[in-house]
Amino acid sequence: MPNYRNFSAELEVLADVWSTSVMSTDTWNLTGKKWGTNSQPFEVANQNNIRGVAKPGAIINDRCLRAAHEKIVSDLAYVLSLPVPPVVLWDRSEGHVGDRYAAISAWAFAKANEWQVVKPRLKPAQTDAAKRIAGAMRAFDTWIAASDRKGSHVLVSDDGVEDTISVAQIDYAFALSWEWCGVAGAQAEPRAAFPDGVGFDQGVCDEIADNIEKLEEVRISEIVNRVPVEYYSAIPGAKDVILSQLVRRRGVLKGWLK
Amino acid sequence: MIVSRFPTGRLRISRVVYFTNLQRTDSREIPVGVVGEVTLSGLRGVGTAFRPSFSTDELALMGPLMRDILTHPSDVLWPEFLEIFKTSEPGAALDLFAQRHASSLSVLAPTPLDVPRQWLLERDNTRLQEIVRDRIKVILTDEYFKFLFPPRGDGQTVDDPTVEERVAKLGA
């Protein structure tokens, strides 16, 4: 399977662990830094000084299953070798004031900039590489009904390399059940290709659609079902809907992507 | 029955920081400056106070692309913030700016500050523009220095910074 994850070996070690586990057993402490974006994410650090971005940072009564979505999407992307950073779930324990059930995303790169910062400065070889990633993610984003893709959700490593590009797609809170359980209206298929503005490689898109189609149901089921029921509590039945839609959409994906 | 409308407004300030290593907390975080937005019933404005430059050590810790941008932060970030301000709904510019910068260069969650009562009670719009412009410069400068102080023990310089503060597009 081609690998579109241009992550460091160290991060892939972390991804190996997080993608096969569900709940974090690390001790996470708040650093005090917060971002003002929709999910009110906040920075945490573990006992080894590893930073993570946790969300949601408050009880947000919009029925978006943020933590579950982030975890499922990250694990599916890992199986498909697509560039979504590792995510682990974090139970902030009984008595926590706020949303107890959170997800922690690892940072993909030591230094990164948002796509809209990078796009005007791309070298030709980087544009070509971005096109391939956009093709791959078009198939994936369509499969999982990603509904909040934008340039600021595409991070590019600021590593000085000019003959290729290392990309991480982040923030998949608004995917899966967000549309499938009727919280938001369904968007048209297929989804837009991101990174945007460079076109996309149809061959790569088809290739990833093939890989998605071949994903075993038991694998998808394992990823969805291992997320504890509490993470689905805002929408009764969401787990079953997510699983059935992921399985069903595998088969119709290629038709949408033509 | 007499109903009086109590004037309200909102003033928020965000710190802008550069994380030299997003993945680890045992790395330097370089203060870049502060950005603010004021929204009153008949007036809105934004302002910034960025560091004019960075030390050689600090620049060496940045990624190549962001190093180019942050060599003169105001030259790039102020026009971007201003463009967002011009095209956004009242009170939304700071949030939109923050959404665009949430990685190595991060605009952190805004802190609400008390809106000076004079701003709420002034009825002369021209006069209001003047007092907001003058006061926001003071507020931004103050917040800027709060962010830079106390000096970290790692060589960060705070001497004689040139604060660049601007208030844009005041008026209804």
Side-chain angles (χ1 to χ4, degrees), chain A residues 7-8 10-11 14 28-53 57-58 85 105-122 126 148 150-162 168 170-171, chain B residues 10 12-32 34-37 58-70 73 76-77 79-81 83-84 91-112 147:
Chain A
F7 296 164
S8 68
E10 194 179 25
L11 189 76
L14 182 73
W28 293 96
N29 295 305
L30 280 62
T31 67
K33 293 191 184 64
K34 296 186 287 184
W35 290 267
T37 47
N38 177 281
S39 302
Q40 300 182 42
F42 55 100
E43 188 184 77
V44 291
N46 73 2
Q47 64 276 14
N48 298 317
N49 293 319
I50 302 295
R51 285 188 208 274
V53 179
S105 299
W107 284 103
F109 309 114
K111 293 176 172 63
N113 302 311
E114 287 77 7
W115 174 246
Q116 72 273 4
V117 175
V118 177
K119 192 164 62 171
R121 300 167 173 88
L122 288 174
Q126 292 179 309
D148 187 28
K150 49 189 172 188
S152 56
H153 289 168
V154 179
L155 300 184
V156 182
S157 177
D158 193 357
D159 50 18
V161 174
E162 296 189 343
I170 62 164
D171 205 341
Chain B
R10 187 167 72 160
R12 299 185 304 158
I13 301 283
S14 283
R15 291 179 168 184
V16 185
V17 63
Y18 182 84
F19 293 98
T20 63
N21 186 338
L22 286 166
Q23 295 172 316
R24 300 194 59 84
T25 51
D26 49 359
S27 59
R28 276 184 66 175
E29 296 167 15
I30 300 172
V32 175
V34 297
V35 294
E37 181 174 27
E58 288 172 323
L59 289 170
L61 290 169
M62 295 176 185
L65 194 151
M66 194 49 69
R67 187 185 306 135
D68 281 350
I69 291 173
L70 291 183
V76 177
L77 298 179
E80 182 187 332
F81 191 30
E83 182 60 29
I84 290 171
L94 193 52
D95 293 329
L96 291 171
F97 189 53
Q99 283 174 23
R100 292 173 63 94
H101 297 289
S103 54
S104 285
L105 181 68
S106 268
V107 178
L108 300 177
T111 303
F147 188 23

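Throughout, protein chains are lettered first and strands after them, A, B, ... in sequence-line order, and every chain is numbered starting at 1.
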Passing option when A:Arg51 is tested against B:Asp26, B:Thr25, B:Asn21 for side chain to side chain contact (heavy atoms under 4.5 Å, CB included):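 Single side chain to side chain contact (heavy atoms under 4.5 Å, CB included) partner of A:Arg51 among B:Asp26, B:Thr25, B:Asn21: B:Thr25.
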Part of B:Val107 lying under 4.5 Å from any heavy atom of chain A: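 Backbone of B:Val107 only, per the 4.5 Å heavy-atom cut-off to chain A.
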Identify which part of [X] has an atom lying under 4.5 Å from any heavy atom of chain B, answering side chain, backbone, both or neither.
{"X": "A:Gln116", "answer": "side chain"}
{"X": "A:Ile50", "answer": "both"}
{"X": "A:Leu11", "answer": "side chain"}
{"X": "A:Phe42", "answer": "neither"}
{"X": "A:Val118", "answer": "both"}
{"X": "A:Gln40", "answer": "neither"}

Any chance you could measure [X], atom [atom1], to [Y], atom [atom2], to the nearest 0.5 Å?
{"X": "B:Ser103", "Y": "A:Asp158", "atom1": "OG", "atom2": "CG", "answer": "9.0 Å"}
{"X": "B:Ser104", "Y": "A:Trp107", "atom1": "OG", "atom2": "CH2", "answer": "7.5 Å"}
{"X": "B:Phe19", "Y": "A:Glu43", "atom1": "CZ", "atom2": "CD", "answer": "5.0 Å"}

Between the main-chain N or O of [Y] and the side-chain N or O of [X], is there a donor-acceptor pair closer than 3.5 Å?
{"X": "A:Asn113", "Y": "B:Leu65", "result": "no"}
{"X": "A:Lys111", "Y": "B:Leu61", "result": "yes"}
{"X": "B:Gln23", "Y": "A:Ala106", "result": "no"}

Top contributor to chain B contacts, counting heavy-atom pairs under 4.5 Å, from A:Ala110, A:Ala112, A:Gly36: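 Between A:Ala110, A:Ala112, A:Gly36, the count favours A:Ala110.
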Which of A:Gly52, A:Gly57, A:Gly151, A:Ala108 touches chain B most, by non-hydrogen pairs under 4.5 Å: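 The option with the most such pairs is A:Ala108.
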Looking only at heavy atoms and a cut-off of under 4.5 Å, which of [options] has the most pairs with chain A?
{"options": "B:His101, B:Arg100, B:Glu80", "value": "B:Arg100"}
{"options": "B:Arg15, B:Arg24, B:Gln99", "value": "B:Arg24"}
{"options": "B:Leu105, B:Ile69, B:Leu96", "value": "B:Ile69"}

